[in-house]
Amino acid sequence: MATVAELRERLRRPLAAELASGCQNRVVAGGVDKLLASPLGNPFPGVREALSGYAQKAEDARGEALRTALSLLDGAASPPPSAPRKAPTRQAVPTAAPGERLPADAEVARLDTGPGGARKLQSLGLHTLRDVLHAYPHRHEDRRALPDLNEVEEGQKVTVEGKVVAKSRRSPRPGMLVIDVTLETPSGGRVKATWFNQPWVEKQLREGARLVLTGRVKKFGRSVQLGVEHLETVENAQDSLSTGRIVGVYDSKDGISQEFLRRAAYRALQAVPQGDYLPTHWRQKYGVTDLSDALWGIHLPSDEAHLSRANARLRFDEYLFLELRMLLQGEDAVLQGKRFQASGSDISTFEGALPFRFTNAQRRVLLEITDDMRSDQQMARLVQGDVGSGKTAVAACALYLAVRDGYQGALMAPTEILARQHYTNLLGYLGQLDVRVGLLIGAMTAKAKLEMQTRIAQGEVDVVVGTQALIQENVRFDNLGLAVVDEEHRFGVQQRRKLLAGRPDVLVMSATPIPRSLALTAYGDLELSIIDELPPGRTPIETKLLQDTHRQQAYGFVMGRIRQGEQAFVVTALIEESDTLELLAATQLAADLKVILPEARIDLLHGKMSAAEKDHVMNRFRAREFDILVSTTVIEVGVDVPNASVMVIENAERFGLSQLHQLRGRVGRGTAKSYCVLIAGEHSQKTRKRLKIIEGSTDGFVIAEADLKLRGPGELRGTRQSGIPDLRLADLANDTEIIEQARELAKHILAHDPRLEHPRLQYLRSELQNRSQSVAYREVI
Ligand code: ADP
Ligand code: MG
């Protein structure tokens, strides 16, 4: 049962989005009236009244009504103003007095971060001060010397700060919205910034608002225009954390500003005591700075040198703890596992039932797997291979072998869409071999779930496909022999352990193309098999990089394919800080495409849909009920639609190469020749070089290597790039030396004190425990 606070939030979000997108009554399916008529509206009669007859209202009146409704909702959040404010009888967690020190594991509620601050942090998964300190910015922006507007050059990326002095909106043709804003900088210079088709930014662009804009310069004679890539509102002009320095940009979400996160980091830095789990002589030996200096430097660097010092130290730590964990786990690496027959004749039976022959690479990997399966030791193997290389087919064979020996098998996928897809595939592979395949996912009814759980417990199902639901408490296997985990990095270490409770053999499949040497560091506790060959007969995907001025041409091409009876994916820009914005961008793009391509049937998929809604859309797309699927990046992971032959990626410059490669892997799964069109907005030479790699190769490993070479040292990146949860700052290509040093130290430490028992190592030990936990935790949410 949802609490009133949750209901309020669920009502507030769409209303706020509706207001932000210009009151078109398009944000909510069925309109605002329908939303309020739903049970969501029940607890809020005032809001219902304020918005009654919304559809009939004029645009202005709608805005007015929405603002009233939103303020009613917000008011309902705090005690009514007329009531005398009593001091709470039991103050749950007193915040620390200024200057007071707190332990790193203190709850964020102890930190003075203003009203609702603790809740905001918690909603980002940050529960303790340590969490806040280790939630590093994913990039930094230099806002020190803001450029002299007379001297900026065409194409240069700059950050400017100032006040909105003029704003206008126009609609040069139907379905197109242009918002222009003029910003006056403190030195009196003026910059014009333009947003195309992004009505949701409008709310932040009030006249008088203080903005920090980052983007690329376009010059028209003497006037300077900015193609904005990052927008921040600064509430407090004096805020020394957000202006006039190198600032960090954090992963965030709706309603949680960068300013707030910087302030929270600042408070946490002030509150925790100094101290370092790395003793001085080791820091000296490896030339790394102390912990306090590093944490200040990553959040609030005083200059570039400070930032790079900080980065080096924290990266060193990431590898050190990773190596320590691997070595400690290695201690009991030789575990007793299941022993299977895995007979040659069973393998032949499986292959005989396939509509194709295994490739040489598949065959080799299968041999490695069956060797493991035949031994007593618990298999812990990673199968790495590009999308479409045939990992699932190999895993299906291994599952078949387990079942032939009377064991059960499980396949765990990161999302429900994927679980269903694996289920369909396994039915295809195993159904005809008399293997009973079952599905268990969160979206099933309680009754259906219970029924499946009972069948699993009683051994009436041989292979179960599912999501996290598979490892929840009330799932008991009768006799689990082999567990296959798809896309390892989305699951945490703890989860894997849970699944391992019955000591099944474990096979992990991953499409993240990490070169072999690096994979050993990242997945040190797993043996590695690589499928480095695609099944024959695939026509390579043809990729074309276009500037956004050629969008029309790109969509003309898409229409051509659709007329041939094929379908297309269109993926919208990645928006760093907000999934609502991402949704609105996708909605807007779908609307635009309906104008550009009136003949095409277009639908939308986004991350805010429920699993059932997503499935519904995907099923309709697969059944060819519409032609173009506009989507946010939720389709990134393995969805199969063989008839989709074109992938268009808007704002391709915002994506990492691995991600582009994964996205592109969604097409080229059928017999038709497939295409990928990358539409790039303004971007640098360097970005262009990177995008050219994707245009020039379809080999995931080649792309990964080339990408790693092109990146300069010291570039900050988060897990989005490395794909490995423990490594948030890691730059695997350039870190070889650090990795070796960290490994050396980890070995040295454990050689002298295998259990980290020495009192001097207490701090190190507890940090190791904390990190292992938080990695798992982060992955669960
Ligand atoms: P992955 O899991 O690596 O993405 P899949 O196992 O899902 O790859 O295989 C992708 C597609 O290729 C599936 O449609 C599968 O049936 C097909 N396939 C797999 N192996 C072969 C093969 N050796 N020859 C032809 N087609 C294959
Ligand atoms: Mg797959």
Side-chain angles (χ1 to χ4, degrees), residues 333-354 365-383 391-413 419 422-423 425-441 451-486 488 491 495-509 526-527 529:
V334 189
L335 291 175
Q336 190 81 13
K338 308 288 182 209
R339 182 184 202 137
F340 302 92
Q341 296 268 318
S343 75
S345 71
D346 282 344
I347 298 177
S348 304
T349 307
F350 179 85
E351 198 177 355
L354 289 176
V365 168
L366 197 54
L367 279 180
E368 290 164 358
I369 292 171
T370 48
D371 270 353
D372 284 1
M373 287 180 74
R374 287 189 202 109
S375 96
D376 287 349
Q377 287 181 23
Q378 184 185 33
M379 169 164 73
R381 185 168 287 280
L382 170 68
V383 176
K391 297 183 293 295
T392 311
V394 168
C397 182
L399 287 166
Y400 176 66
L401 296 173
V403 172
R404 288 290 292 165
D405 274 353
Y407 286 103
Q408 288 174 306
L411 196 165
M412 191 156 83
H422 279 312
Y423 173 66
N425 287 341
L426 287 190
L427 272 182
Y429 291 129
L430 300 173
Q432 46 180 325
L433 295 168
D434 281 340
V435 176
R436 297 163 297 176
V437 185
L439 178 70
L440 184 63
I441 53 178
E451 204 174 292
M452 183 50 68
Q453 284 160 2
T454 316
R455 292 179 57 204
I456 295 170
Q458 296 178 347
E460 289 166 14
V461 186
D462 301 313
V463 173
V464 193
V465 184
T467 52
Q468 274 99 327
L470 269 192
I471 49 164
Q472 265 143 23
E473 304 297 324
N474 42 1
V475 180
R476 295 266 175 279
F477 285 88
D478 177 42
N479 187 15
L480 183 61
L482 174 66
V484 179
V485 183
D486 190 13
E488 150 73 1
F491 291 106
Q495 283 176 305
R496 202 163 77 212
R497 293 232 178 88
K498 273 198 201 164
L499 191 69
L500 285 173
R503 280 285 151 73
D505 278 13
V506 178
L507 198 61
V508 176
M509 307 192 281
L526 299 174
E527 302 286 328
S529 290

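Throughout, numbering of the chain's residues begins at 1 and tracks the sequence.
- The shortest distance between side-chain heavy atoms of V463 and V403 falls below 4.5 Å.
- In terms of the side-chain contact (heavy atoms from CB on, under 4.5 Å) criterion, residue partners of R339 (sequence neighbours excluded) are, by chain and number, D376.
- Counting heavy-atom neighbours within 6.0 Å of E368 CD, excluding the residue itself, gives a total above 12.
- Note that the CG atom of L426 and the OH atom of Y400 stand 14.0 Å from one another [nearest 0.5 Å].
- Closest approach of M509 and A395 over heavy atoms only: SD-CB, 3.9 Å.
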For this session: Kindly determine whether F340 and T370 satisfy side chain to side chain contact (heavy atoms under 4.5 Å, CB included), including the steps that lead there.
Result: CA-CA 8 Å; F340 302 92; T370 48; over 6 Å; no
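- Across A457 and D478, no two heavy atoms sit closer than the pair O-CB, 3.3 Å.
- To the nearest 0.5 Å, atoms CZ (R381) and CD1 (I369) are separated by 7.0 Å.
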Problem set entry | Steps toward side chain to side chain contact (heavy atoms under 4.5 Å, CB included) verdict (V435, Y429) | CA-CA 9 Å; V435 176; Y429 291 129; over 6 Å; no
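- Annotation: side chain of Q341 is not in contact with side chain of R374 (no heavy-atom distance under 4.5 Å).
- Interatomic distance, CG of L354 versus OG1 of T349, reported as 11.0 Å (0.5 Å rounding).
- At least one side-chain heavy atom of F350 sits under 4.5 Å from a side-chain heavy atom of L430.
- Listed here is the closest heavy atom pair of I347 and C397: CG2-SG, 4.4 Å.
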Problem set entry | Verdict with reasoning, M412 to D486, per side chain to side chain contact (heavy atoms under 4.5 Å, CB included) | CA-CA 6 Å; M412 191 156 83; D486 190 13; over 6 Å; no
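- A donor-acceptor distance shorter than 3.5 angstrom exists from the side chain of Q432 to the backbone of A353, with no hydrogens or angles considered.
- For the atom pair M379 CE and D371 CG, the distance stands at 11.0 Å (nearest 0.5 Å).
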Problem set entry | Working for side chain to side chain contact (heavy atoms under 4.5 Å, CB included), residues D505 and M373 | CA-CA 7 Å; D505 278 13; M373 287 180 74; 4.1 Å; yes
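- When all heavy atoms are compared, the tightest approach of D434 to D462 is O-OD2, 4.2 Å.
- Distance check: L433 CG to R404 CZ gives 9.0 Å after rounding to the nearest 0.5 Å.
- In this structure, V383 and L507 have side chains that are in contact, with non-hydrogen atoms separated by less than 4.5 Å.
- Counting all heavy atoms, side chain and backbone alike, A402 lies closest to L482 at CB-CB, 4.0 Å.
- In this structure, CG in L399 is found 11.5 Å from CD in Q408, a value given to the nearest 0.5 Å.
- Heavy-atom minimum distance, V464 versus F477: CG2-CE2, 3.9 Å.
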